[in-house]
Number of protein chains: 2
Amino acid sequence: MIKTSDEKYLKAIYQISLAENSSKATISELAYYLDLKPPTVLERLKILQEEKLITYKKAKGIVLTKIGEKESLNVIRKHRIWETFLHKVCKFSWSEVHELAEQLQNANSEKLIDRIYALSGSPKFDPHGDPIPDKSGKLPTSERRPLLNSVEGCKCVVLGVNEDSHDFLNYLTELKIGLNDKLFVEKIFVFDGSIKVKYKNNENAVLSSRVAEKILVTCTKPNCTCKN
Amino acid sequence: MIKTSDEKYLKAIYQISLAENSSKATISELAYYLDLKPPTVLERLKILQEEKLITYKKAKGIVLTKIGEKESLNVIRKHRIWETFLHKVCKFSWSEVHELAEQLQNANSEKLIDRIYALSGSPKFDPHGDPIPDKSGKLPTSERRPLLNSVEGCKCVVLGVNEDSHDFLNYLTELKIGLNDKLFVEKIFVFDGSIKVKYKNNENAVLSSRVAEKILVTCTKPNCTCKN
DNA sequence: ACACAAAGTTAGGCTTACCTAATAATATTG
DNA sequence: CAATATTATTAGGTAAGCCTAACTTTGTGT
Ligand SMILES: [Mn+2]
Ligand SMILES: [Mn+2]
Ligand SMILES: [Mn+2]
Ligand SMILES: [Mn+2]
């Protein structure tokens with residue numbers, strides 16, 4: 001049986017490994033992500049290794065075993081289902097759900113997860129647009145790319161975000177940009193890559209490239225020339 | 001700020017103190033209730049005392065301070081609201097909700113409690129018939145007495161139970177006795193005080209006095225001669 | 001290739017929450 | 001009331017999960 005305290009490591013390792021850029025998870029990354037010091041993390045990694053949840057060699061970094069990956073996906077499933085439930089059923093904003101979900105997700109009842117998932121309407125994606133794994137660990141796919149890769153004139157729809165922080169999510173909320181909103185890319189400023197978008201009833205905003213790379217969209221016009 | 005680990009002590013002390021019979025909570029009772037050893041409990045009591053949540057003198061036993069009582073009632077509120085939510089909204093049986101609620105109740109969000117309470121229809125009593133304190137700590141009252149105190153011919157309704165154990169609750173469930181069910185006291189056997197009741201569509205059962213003292217009822221006929 | 005920076009590792013220490021065993025205080029009862 | 005049983009307390013110990021400081025290994029740039 002997997003301990004609650006293992007779960008946060010597994011989830012973190014999974015998330016770090018999956019981050020598009022990074023290939024292998026390292027101790028210092030994990031420590032940073034979990035807000036712990038490297039020796040603490042190292043100590044725990046040895047245990048996770050004994051439990052056959054990961055393999056770790058300084059050369060190859062931290063890699064989840066098959067079992068470890070399965071467990072990770074299960075934690076992620078629980079986390080995202082709680083976030084979904086808190087948002088859809090309990091009407092919390094998308095910036096509030098993460099912390100609360102972290103507290104609730106360690107309750108140990110598959111049945112409970114099933115029930116709150118059903119109460120939420122069993123969607124495929126959480127309030128941040130992240131895919132919810134099914135019980136076997138399969139993830140629904142969706143074509144998403146950073147808004148930053150857009151060309152002028154592109155029409156797209158927001159399918160997710162790359163960051164969960166309050167600051168970021170509240171910023172988007174203030175701009176009135178939310179999940180499933182349609183954006184029209186009016187202008188791209190070559191100088192710094194910032195993007196002017198129009199949306200809703202005449203709302204518009206100029207988004208810095210730092211923000212635009214964290215908003216995930218998909219084009220709504222066929223044959224759009226946006227990158228990737 | 002009250003720590004999660006304080007909460008279980010406060011809740012336990014409150015419950016023990018309130019148990020009709022016992023007046024003062026003692027270390028060994030607490031230890032038994034919490035499934036810990038006396039030295040562990042004593043150690044923690046000293047801390048709770050420093051935190052001004054209880055007073056403890058071997059003579060007077062363990063007594064909650066005003067603040068301690070307020071906090072206890074808040075934990076109990078959270079616990080009972082989670083139980084209610086799990087039962088009413090998530091459709092768990094009354095024997096399943098206690099353990100799950102214990103795991104969920106330490107999530108730290110007043111707002112969450114408010115929302116799930118509203119989703120449950122804001123009832124005054126939990127799935128075991130126990131009163132849910134309001135935010136100020138006030139408990140709704142209800143006239144309840146053990147079924148054991150009945151006289152023959154009494155008609156009464158089940159308003160609660162005195163014990164949360166799986167075994168007990170599942171036993172009642174097998175007998176098809178649940179909250180708000182009407183019971184007719186057909187016969188009382190003087191020999192051992194067991195009670196034959198009829199209910200629902202010709203269901204009937206002979207309840208041992210051990211069971212009958214744990215079922216809480218109120219008479220439905222005016223001027224019933226049942227005790228207390 | 002060598003010097004410096006970054007990352008990993010070891011050693012040792014702290015706190016919390018638990019425990020057992022032994023002792024002291026208090027109740028119960030013949 | 002003395003013997004005994006129960007309850008409370010003290011002393012000392014363990015394991016988990018964190019830490020800092022110091023050292024070692026690895027990677028990088030000139
Ligand atoms: Mn999250
Ligand atoms: Mn999410
Ligand atoms: Mn309960
Ligand atoms: Mn209850």
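Note that this is a predicted model, so its numbers are computed, not measured. Each chain gets a letter, A, B and so on, in the order its sequence line appears, and its residues count up from 1.
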Show the distances under 3.5 angstrom between N or O atoms of the protein and N or O atoms of nucleotides 19-22 of chain D.
unit_1	atom_1	unit_2	atom_2	d
D:dC19	OP2	A:Lys37	N	3.0
D:dC19	OP2	A:Thr40	OG1	2.6

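- In terms of heavy-atom proximity, B:Leu45 sits nearest to B:Leu30 at CD2-CD1, 3.9 Å.
- Inter-residue side-chain proximity for B:Asn106 and B:Lys8 is flagged as unmet; no heavy-atom pair is nearer than 4.5 Å.
- Residue contacts for B:Lys46: at a heavy-atom cut-off of 4.0 Å it reaches the sugar-phosphate backbone alone, with no base atom in range.
- Across all strands shown, B:Lys8 has heavy atoms under 4.0 Å from sugar-phosphate atoms exclusively, and none from any base.
- For B:Ser28, a side-chain nitrogen or oxygen approaches OP1 or OP2 of D:dA8 to under 4.0 Å.
- Distance A:Asp6 CG to D:dA16 P: 12 Å, rounded to the nearest Å.
- Between B:Leu159 and B:Thr218, the shortest heavy-atom distance links the atoms CD1-CG2, 3.7 Å.
- Checking B:Ser194 against B:Asp192 by side-chain atom types alone, a donor-acceptor pair falls below 3.5 Å.
- Residue whose closest nucleotide on DNA chain D sits further toward the 5' end, between A:Ile47 and A:Lys58: A:Ile47.
- By the 30° and 60° cut-offs, the orientation of the rings of B:His98 relative to B:His79 is perpendicular.
- Protein atom CD1 of B:Ile62 is 13 Å distant from nucleotide atom P of D:dT7, rounded to whole Å.
- Using a 4.5 Å heavy-atom threshold, the side chains of B:Glu110 and B:Ile113 count as separate.
- Taking a heavy-atom distance under 4.0 Å as the criterion, the stretch of DNA chain C touched by chain B extends 5' to 3' from C:dA17 to C:dT26.
- Within the 4.0 angstrom heavy-atom criterion, only backbone atoms of the sugar-phosphate kind lie near B:Tyr56; the bases stay farther away.
- The two atoms that bring B:Val211 and B:Phe168 nearest to each other are CG1-CE1, 4.1 Å, heavy atoms only.
- For the residue pair B:Leu175 and B:Ala205, the shortest heavy atom distance occurs at CD2-CB, 4.1 Å.
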Show which side-chain atoms of residues 130-149 of chain B pair as donor or acceptor with protein atoms under 3.5 Å away, not counting sequence neighbours.
unit_1	atom_1	unit_2	atom_2	d
B:Asp134	OD1	B:Ser136	N	2.8
B:Asp134	OD1	B:Ser136	OG	2.8
B:Asp134	OD1	B:Gly137	N	3.0
B:Asp134	OD1	B:Lys138	N	2.9
B:Lys135	NZ	B:Asp114	OD1	3.3
B:Lys135	NZ	B:Asp114	OD2	2.8
B:Arg144	NH1	B:Gly129	O	2.4
B:Arg145	NH1	B:Ser150	OG	3.1
B:Arg145	NH2	B:Ser150	OG	3.3

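- Contact annotation: A:Lys3 side-chain N/O to D:dG17 OP1/OP2 distance is not under 4.0 Å.
- Using a 4.0 Å heavy-atom distance criterion, A:Ile27 is classed as a sugar-phosphate-only contact.
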